[in-house]
2 protein chains.
Amino acid sequence: MPVRTPNKRPLTLRDVSEASGVSEMTVSRVLRNKGDVSEATRKRVQDAAKQLGYVPNKIAGALASQRVNLVAVIIPSLGNMVFPEVLSGVSEVLANTDLQPVVGVTDYLPEKEEKVLFEMLSWRPSGVIIAGLEHSDASRAMLRQAGCPVVEIMDVDGEPVDACVGISHRRAGRKMAESILQNGYRRIGFLGTKMPLDHRARKRFEGFTQTLAKSGIEITDQEFYSGGSALAKGRELTQKMLERTPDLDFLYYSNDMIGAGGLLYLLEKGYDVPGQIGIAGFNGVELLDGLPRKLASMDACRREIGQRAAQILADRVANPDTDEGLVVELTPKLQPGETLNRT
Amino acid sequence: MPVRTPNKRPLTLRDVSEASGVSEMTVSRVLRNKGDVSEATRKRVQDAAKQLGYVPNKIAGALASQRVNLVAVIIPSLGNMVFPEVLSGVSEVLANTDLQPVVGVTDYLPEKEEKVLFEMLSWRPSGVIIAGLEHSDASRAMLRQAGCPVVEIMDVDGEPVDACVGISHRRAGRKMAESILQNGYRRIGFLGTKMPLDHRARKRFEGFTQTLAKSGIEITDQEFYSGGSALAKGRELTQKMLERTPDLDFLYYSNDMIGAGGLLYLLEKGYDVPGQIGIAGFNGVELLDGLPRKLASMDACRREIGQRAAQILADRVANPDTDEGLVVELTPKLQPGETLNRT
DNA sequence: TTGAAAGCGCTAACAT
DNA sequence: ATGTTAGCGCTTTCAA
């Protein structure tokens with residue numbers, strides 16, 4: 001049990017050294033399981049450390065050893081279901097190493113990304129995992145100079161600074177468009193976030209409209225919103241669009257949450273889904289299994305992206321000679337659910 | 001623009017000093033906006049730093065100054081909507097200071113909490129915000145010895161180590177029970193997480209059953225699950241319970257997500273909600289506004305908890321003489337929604 | 001198996 | 001307004 005003296009000064013190695021009558025150096029060795037130490041002294045040191053409630057000072061350790069077991073993970077948001085799942089993939093893999101993820105949130109703002117990145121790099125992390133391929137010039141410069149492996153995640157449509165794990169959102173948009181057309185839908189509405197800042201949503205949209213165009217079809221109507229995704233937003237957008245354009249036969253939502261809101265609205269208003277009108281979202285959010293109809297969606301491989309990125313980083317840290325610039329493209333799976341098959 | 005030489009060695013103050021022809025000390029002053037520096041040298045230094053792409057080494061800075069602008073925020077999970085909202089309250093307030101939140105996740109496991117806490121304290125943060133009042137002996141010892149302000153959040157039913165911001169979950173449970181009884185419901189089922197690890201859910205349950213007991217009523221049926229909250233889980237639990245105990249007239253869910261799943265199930269099966277059967281959840285998750293009926297719930301003041309905790313910490317860091325042990329109890333608001341009023 | 005010395009890159013406290 | 005000196009608490013390296 002740690003001593004309860006309200007010590008304002010945190011304990012140092014020296015305190016443990018004095019308490020155990022062993023040199024600081026040997027104490028350090030014991031605490032890091034490094035080097036040969038006799039069982040006897042090891043035990044004395046461990047007892048003393050525990051008894052005092054010693055917590056090593058990683059700042060000093062990191063400065064001396066020039067190594068920091070931190071991995072910077074930089075993502076746009078924690079408020080939707082997508083990035084927490086990526087994170088959990090990252091943590092899962094890093095748990096098998098001595099690396100620790102540290103999360104920074106950018107709110108989809110390039111300036112904030114720059115700030116967060118600068119802040120995190122100033123702690124000299126062992127690696128960086130960062131969402132997206134679009135960054136300010138300054139951010140890209142920092143990433144290049146970081147002196148540690150960098151893995152850009154979520155997206156592969158672009159030029160990575162170093163390594164990269166993700167899906168092609170353009171391809172995802174195309175695939176969804178194909179599927180919708182195959183099922184005979186023709187008057188298609190798109191509902192999603194304002195996209196200047198969400199590049200992945202933008203790319204899906206581009207892929208989507210491109211494929212439609214190949215079949216001579218244009219988006220019949222579209223509606224953009226800003227702010228978080230929520231059921232109510234989906235209802236509201238859907239109502240607005242259908243009042244304006246009642247003869248749509250498909251609604252493509254840029255994420256599952258507003259898709260779910262739309263679904264609830266449509267069912268409530270007595271629409272036949274997917275007969276009269278089909279719908280689909282994006283992300284394959286498991287949380288929403290359990291809706292009255294299973295929402296068509298596309299799994300964005302979020303957890304796997306986190307896992308692979310972490311693995312790449314861990315490998316590179318363990319073996320710095322590994323090649324840079326590895327790009328891993330995962331394949332999003334279409335989940336037809338029950339809202340896309342017109343049969 | 002930073003030079004693109006693939007420098008493996010990160011730049012140091014000295015590099016900037018040499019590039020600008022100014023002493024390291026003055027460079028340091030410029031980069032921290034500290035002390036008087038002439039406009040001329042300030043500019044030269046800034047130019048040199050930007051030109052080189054210098055990123056200061058916070059490890060060295062922290063060691064030298066004995067100050068770290070990090071706040072450890074330790075929470076059980078990112079997967080439900082509750083903690084991200086707390087975090088966003090924290091970030092919002094800390095954004096006005098030079099403090100930076102660093103998040104650690106415990107998965108509701110005391111051993112993991114201990115590990116995460118140890119890890120974070122070893123970086124000597126300026127403060128700790130940690131969810132809950134229940135910690136292992138070792139964790140409490142670390143918190144006491146941390147040498148920085150500690151704010152325990154979410155809950156006030158217990159003995160804080162230092163400061164504390166939250167709601168009384170026992171009181172919340174009681175309040176919900178009162179409301180349910182007032183609305184004439186009598187045969188009540190409880191559905192929630194297995195609670196040995198979720199102390200707040202446990203306390204709500206305790207408060208809930210206590211108040212029922214005062215009216216001579218016992219929970220008619222109960223069902224516990226483990227794993228994340230999701231719509232499907234709510235459906236499944238609800239079905240199971242109603243098959244076993246068909247004559248329930250109220251279902252109290254330990255969180256909004258499974259409550260929402262239950263609601264969808266009940267409506268689908270043609271139950272009259274809230275006439276035949278009332279339901280309520282917990283948390284007041286905004287994300288779910290937009291369900292077919294507005295779910296009765298109780299706002300847990302998540303964002304405000306984050307804000308207040310961060311504010312307390314910021315004040316204590318700015319003025320270390322401030323009193324310790326401040327306890328702030330917020331009042332959860334009942335949101336009757338449309339699933340609790342029998343009329 | 002253990003210890004002593006040097007220094008990691010910065011900043012506090014003094015000079016000047 | 002600028003420079004000098006002495007550490008911060010550890011780990012690396014070398015010696016015993």
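All values below come from the heavy atoms of this structure, side chains included, with hydrogens, waters and symmetry mates left out. A note on names: the letters A, B, ... follow the listed sequences, proteins ahead of strands, and every chain is numbered from 1.
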Original post:
In whole angstroms, how far is the P atom of C/dC8 from the CG atom of A/Asn57?
Top reply: 18 Å
Original post:
Any side-chain heavy-atom pair from B/Gln100 and B/Leu94 closer than 4.5 angstrom?
Top reply: no
**OP:** Could you tell me whether the phosphate oxygens of C/dT2, OP1 or OP2, come under 4.0 Å of any side-chain nitrogen or oxygen in A/Ser38?
**Re:** yes
Original post:
With side chains defined as the heavy atoms from C-beta onward, is the minimum distance between A/Asn57 and B/Trp123 less than 4.5 Å?
Top reply: no
Original post:
Mind checking whether B/Pro125 and B/Val68 have side chains closer than 4.5 Å, heavy atoms only?
Top reply: no
Original post:
If you measure only the distance, is there a donor-acceptor pair under 3.5 Å linking the side chains of A/Ser91 and A/Ser88?
Top reply: no
**OP:** For DNA chain D, find the residues of residues 15-22 of chain B with a heavy-atom distance under 4.0 Å and give them by number; none if there aren't any.
**Re:** B/Val22
Subject >> Difference in axis direction between the ends of the helix from C/dT1-D/dA16 to C/dT16-D/dA1, five pairs, 10° >> reply: 30°
Original post:
How about A/Pro160 and A/Leu133: do any of their side-chain heavy atoms sit closer than 4.5 Å?
Top reply: yes
**OP:** Nearest whole angstrom, please: distance from the P of C/dT11 to the NZ of B/Lys58.
**Re:** 10 Å
Original post:
Roughly, in whole Å, what's the span from CZ in B/Arg124 to P in D/dG9?
Top reply: 9 Å
Original post:
Does atom CZ of B/Arg14 have more than 12 heavy-atom neighbours from other groups under 6.0 Å away?
Top reply: no
**OP:** Measure from CG on B/Asp36 to P on D/dG3 and round the result to the nearest Å.
**Re:** 14 Å
Original post:
Taking CZ from A/Arg14 and P from C/dG3, how many angstroms apart are they, rounded to a whole number?
Top reply: 14 Å
Subject >> Spacing between B/Leu11 atom CG and C/dC10 atom P, to the nearest angstrom >> reply: 10 Å
Subject >> Distance below 4.0 Å between B/Tyr54 side-chain N/O and C/dG9 OP1 or OP2 >> reply: no
Original post:
Looking at CZ of A/Arg316 and CG of A/Asp321, how far apart are the two atoms once the value is rounded to the nearest 0.5 Å?
Top reply: 10.5 Å
Original post:
Is the phosphate of C/dC10, meaning OP1 or OP2, less than 4.0 Å from a side-chain N or O of B/Gln66?
Top reply: no
Subject >> Check: B/Ser38/B/Arg42 side-chain N/O donor and acceptor closer than 3.5 Å >> reply: no
Original post:
Within this structure, what is the CD1-to-P distance between A/Ile59 and D/dC10, rounded to whole angstrom?
Top reply: 10 Å
Subject >> Nucleotide nearest B/Thr26 (side chain, heavy atoms from C-beta), chosen from C/dC8, D/dG9, D/dG3 >> reply: D/dG3
Original post:
Is there a donor in the side chain of B/Arg67 and an acceptor in the side chain of B/Ser126, or the other way round, less than 3.5 Å apart?
Top reply: no
Subject >> Base-contact (B) and sugar-phosphate-only (S) positions in nucleotides 11-16 of chain D, heavy-atom cut-off under 4.0 Å, - elsewhere >> reply: BB----
**OP:** Among B/Ile130, B/Val327, B/Val165, find the residue that satisfies the side chain to side chain contact (heavy atoms under 4.5 Å, CB included) test when tested with B/Glu152.
**Re:** B/Ile130
Subject >> Side-chain donor-acceptor contact under 3.5 Å, B/His135 with B/Glu114 >> reply: no
